[in-house]
Amino acid sequence: MKILVLLVLVLTAGCSATADVGEEIKMRVNSSTVNCEGLMEGECLLIQQGEKIDSEDWEYFYFKDDIVGFNYEPGFIYDIIVKRIPVANPPQDVSSFKYELVKILSKARDEQ
C-alpha cells in the first residue's frame with residue numbers, strides 16, 4: 001500500500017512539473033502562406049517573432065498545422081501568444097518544439 005501511495009505521489013509530481021515547461025512567445029502570422037521546401041515540402045506560414053515583429057522580414061513556419069488550438073484563416077494578420085514547449089527526442093524532420101496557442105491578441109483583415 002505504501003508503495004502504491006508513493007508511486008501516485010511521484011507520478012502526480014511529475015505531471016505538474018511538466019505542465020510549466022516551455023516559454024510564451026509573441027508571434028505575428030502573415031495573411032498568406034507560401035509553398036516551402038527544406039525540412040518539409042508543403043505549405044508554410046510566414047511568421048515574425050521577438051525583435052523581428054514589425055520588420056519586413058518573415059520566417060517560414062514549416063509546421064503550419066502544429067500550433068495547437070490555432071485555426072489559421074487566410075486573409076488575416078494575427079498577433080498571437082504561443083507556448084513553445086521542447087519535445088524530447090523528436091523524430092528526424094520534425095520540430096523539436098510543440099506549439100500551443102495561449103491567446104489571440106489581434107486578428108485584422110489584410111487590405112493589400
Side-chain angles (χ1 to χ4, degrees):
M1 183 65 174
K2 290 181 183 180
I3 294 174
L4 180 60
V5 170
L6 181 60
L7 181 61
V8 169
L9 289 174
V10 169
L11 290 175
T12 305
C15 291
S16 62
T18 58
D20 294 331
V21 173
E23 67 175 316
E24 289 187 3
I25 58 173
K26 186 175 178 184
M27 186 181 289
R28 176 164 291 157
V29 181
N30 202 323
S31 61
S32 60
T33 59
V34 293
N35 290 327
C36 53
E37 296 180 19
L39 296 175
M40 298 177 68
E41 291 186 27
E43 194 174 18
C44 290
L45 294 174
L46 292 171
I47 66 158
Q48 296 174 336
Q49 58 185 339
E51 296 176 5
K52 292 185 177 183
I53 290 180
D54 290 327
S55 74
E56 294 184 21
D57 299 326
W58 293 89
E59 304 172 30
Y60 288 175
F61 188 83
Y62 287 91
F63 307 97
K64 178 178 163 287
D65 298 320
D66 287 353
I67 302 175
V68 176
F70 180 60
N71 296 313
Y72 173 78
E73 185 178 349
F76 291 90
I77 295 176
Y78 295 86
D79 285 323
I80 61 176
I81 296 177
V82 297
K83 189 168 190 177
R84 183 171 64 183
I85 304 163
V87 173
N89 303 316
Q92 189 173 3
D93 295 336
V94 173
S95 177
S96 58
F97 294 100
K98 173 183 169 185
Y99 294 84
E100 295 178 355
L101 179 67
V102 174
K103 183 177 185 178
I104 295 177
L105 300 172
S106 67
K107 177 182 177 183
R109 183 167 295 284
D110 188 359
E111 300 300 328
Q112 295 181 4

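With respect to Glu111 and Arg109, no salt bridge is recorded, no charged nitrogen being found less than 4.0 Å from a carboxylate O. Salt-bridge formation is not detected for the pair Lys52/Asp57: no Lys NZ or Arg NE/NH1/NH2 atom is positioned less than 4.0 Å from an Asp or Glu carboxylate oxygen. A salt bridge between Lys83 and Glu24 is absent, with no side-chain N of the basic residue lying under 4.0 Å from a carboxylate O of the acidic one.
The closest donor-acceptor contact from the side chain of Gln48 to the backbone of Val29 lies at 3.5 Å or more, if one exists at all.
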- [ ] Evaluate salt bridge (Lys or Arg N to Asp or Glu O under 4.0 Å) for Arg28 paired with Asp54, printing each intermediate quantity in order.
- [x] CA-CA 9 Å; Arg28 176 164 291 157; Asp54 290 327; 2.6 Å; yes
Task: Residues Ile81, Met27; criterion side chain to side chain contact (heavy atoms under 4.5 Å, CB included); working and verdict - done: CA-CA 6 Å; Ile81 296 177; Met27 186 181 289; over 6 Å; no
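Here Ile77 sits alone; no ILVMFWY side chain lies under 4.5 Å from its own, so it joins no hydrophobic cluster.
Both Phe76 and Phe61 belong to a single network of hydrophobic side chains, linked directly or stepwise wherever heavy atoms of I, L, V, M, F, W or Y lie under 4.5 Å apart. The cluster map of Ile, Leu, Val, Met, Phe, Trp and Tyr, joined by side-chain heavy atoms under 4.5 Å apart, puts Val34 and Trp58 in the same cluster.
Relative orientation of the Tyr60 and Tyr62 rings is perpendicular, given thresholds of 30° and 60° on the angle between their planes.
Across Leu101 and Ile67, no two heavy atoms sit closer than the pair N-CG2, 3.9 Å. Between Ser31 and Asp110 the shortest heavy-atom distance is OG-OD2, 2.6 Å. Gln49 approaches Glu59 most closely through the heavy-atom pair NE2-OE1, 3.7 Å. When all heavy atoms are compared, the tightest approach of Tyr99 to Val82 is CD2-CG2, 4.0 Å.
Between Leu45 and Tyr72, some side-chain heavy-atom pair lies under the 4.5 Å cut-off. Residues Leu105 and Lys26 are in side-chain contact: their nearest non-hydrogen atoms beyond the backbone lie under 4.5 Å apart. The shortest distance between side-chain heavy atoms of Glu73 and Tyr78 falls below 4.5 Å. Between Pro86 and Val21 the shortest side-chain heavy-atom distance falls below 4.5 Å.
With a 6.0 Å cutoff to the six-membered ring centre and a 45° limit on the axis angle, Arg84 counts as a cation-pi contact of Phe97.
Note that CD1 of Ile47 and CD1 of Ile25 are 7.0 Å apart. Values are rounded to the nearest 0.5 Å.
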